[in-house]
Amino acid sequence: MKNLLIILLFSCSINVFSAMTENDYLRMLDTSRDILDTQNMEIKLGELTGSGRTVPLQNLEVIFTKDDYILRNEIQEFVLHEGHQTVSGIKEIYTYDGLIKSNEVDAIIFKK
């Protein structure tokens with residue numbers, strides 16, 4: 001019984017700590033790094049504050065959450081921190097399907 005509990009605990013911890021990779025996100029869009037390069041686009045993983053500091057809001061093309069993606073044309077409105085016009089300034093994103101908070105964003109694709 002003790003061994004079974006250890007195995008279950010270990011398998012649960014693997015699922016919790018397994019993060020999606022760049023390739024996982026690109027597969028969601030059925031694309032590749034090479035295709036992004038030819039379109040002069042880049043993918044960045046992680047929160048918005050890192051790479052988002054230098055990415056102008058108008059260059060944003062795709063936002064990835066844990067299990068979905070949102071294309072630019074599906075976004076109705078950005079709610080920004082005062083004085084910010086970069087991706088890192090996003091507080092909330094209103095889409096036709098609902099609301100996405102900035103801490104739900106896992107990756108972005110943007111024009112270079």
Side-chain angles (χ1 to χ4, degrees):
M1 183 69 171
K2 184 176 178 182
N3 289 339
L4 178 62
L5 287 175
I6 291 172
I7 290 171
L8 287 174
L9 188 61
F10 180 72
S11 65
C12 289
S13 65
I14 288 175
N15 289 336
V16 168
F17 293 110
S18 63
M20 289 186 59
T21 66
E22 180 179 298
N23 287 332
D24 295 329
Y25 290 113
L26 294 175
R27 265 188 243 116
M28 286 173 79
L29 289 174
D30 195 27
T31 193
S32 69
R33 168 69 91 169
D34 292 336
I35 292 173
L36 287 183
D37 288 341
T38 61
Q39 296 176 347
N40 202 27
M41 293 188 186
E42 189 172 341
I43 184 170
K44 290 289 184 188
L45 308 181
E47 81 242 14
L48 296 177
T49 57
S51 63
R53 291 176 201 248
T54 59
V55 176
L57 201 54
Q58 65 267 19
N59 291 10
L60 186 63
E61 293 295 320
V62 181
I63 295 172
F64 292 94
T65 60
K66 186 170 100 175
D67 51 9
D68 200 7
Y69 64 89
I70 298 90
L71 302 175
R72 176 62 185 231
N73 62 358
E74 298 172 334
I75 295 171
Q76 289 182 303
E77 180 184 358
F78 291 107
V79 177
L80 303 172
H81 294 283
E82 189 174 329
H84 287 85
Q85 290 300 311
T86 61
V87 172
S88 67
I90 296 173
K91 289 190 334 189
E92 298 173 334
I93 304 160
Y94 286 93
T95 69
Y96 296 105
D97 293 329
L99 171 72
I100 299 167
K101 298 202 179 263
S102 62
N103 64 351
E104 297 176 77
V105 176
D106 291 338
I108 59 171
I109 292 180
F110 60 94
K111 292 179 193 173
K112 295 181 190 177

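Side chains are part of it too, since the values below use all heavy atoms of this structure and drop only hydrogens, waters and symmetry mates.
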Roughly how far apart are [X] [atom1] and [Y] [atom2], rounded to 0.5 Å?
X     : Y     : atom1 : atom2 : answer
Ile63 : Arg72 : CD1   : CZ    : 8.0 Å
Gln76 : Glu74 : CD    : CD    : 10.5 Å
Asn73 : Glu61 : CG    : CD    : 9.0 Å
Ile93 : Phe78 : CD1   : CZ    : 5.5 Å

Within the 4.5 Å heavy-atom criterion, are [X] and [Y] side-chain neighbours or not?
X      : Y      : value
Asn23  : Arg27  : yes
Phe110 : Val87  : no
Val55  : Thr86  : no
Tyr25  : Ile109 : no

In residues 34-43, what donor-acceptor pairs under 3.5 Å come from side-chain atoms, sequence neighbours left out?
| from | atom 1 | to | atom 2 | distance (Å) |
| --- | --- | --- | --- | --- |
| Thr38 | OG1 | Ile35 | O | 2.7 |
| Glu42 | OE2 | Lys44 | NZ | 2.9 |

So which heavy atom on [X] is nearest to which on [Y], and how close?
X     : Y      : answer
Ile90 : Ser102 : O-CB, 3.2 Å
Phe64 : Ile108 : CD1-N, 4.3 Å
Val62 : Tyr69  : CG1-CB, 4.0 Å
Leu80 : Gln85  : CD1-NE2, 3.7 Å

Side chain to side chain contact (heavy atoms under 4.5 Å, CB included), paired with Ile70, selected from Leu60, Thr65, Asp97, Val105: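 Testing each of Leu60, Thr65, Asp97, Val105 against Ile70, the sole residue satisfying side chain to side chain contact (heavy atoms under 4.5 Å, CB included) is Thr65.
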query: In this structure, are over 12 heavy atoms from other groups packed under 6.0 Å from Lys66 atom NZ?
result: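 12 or below, so no.
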message: Quick check on Asp30: does its CG atom have over 12 non-hydrogen neighbours (other residues, nucleotides or ligands) under 6.0 Å away?
response: no
- request: Check the hydrophobic clustering (I, L, V, M, F, W, Y; side-chain heavy atoms under 4.5 Å; chains of links allowed) and say if Met28 and Leu71 are grouped together.
  value: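 Same cluster.
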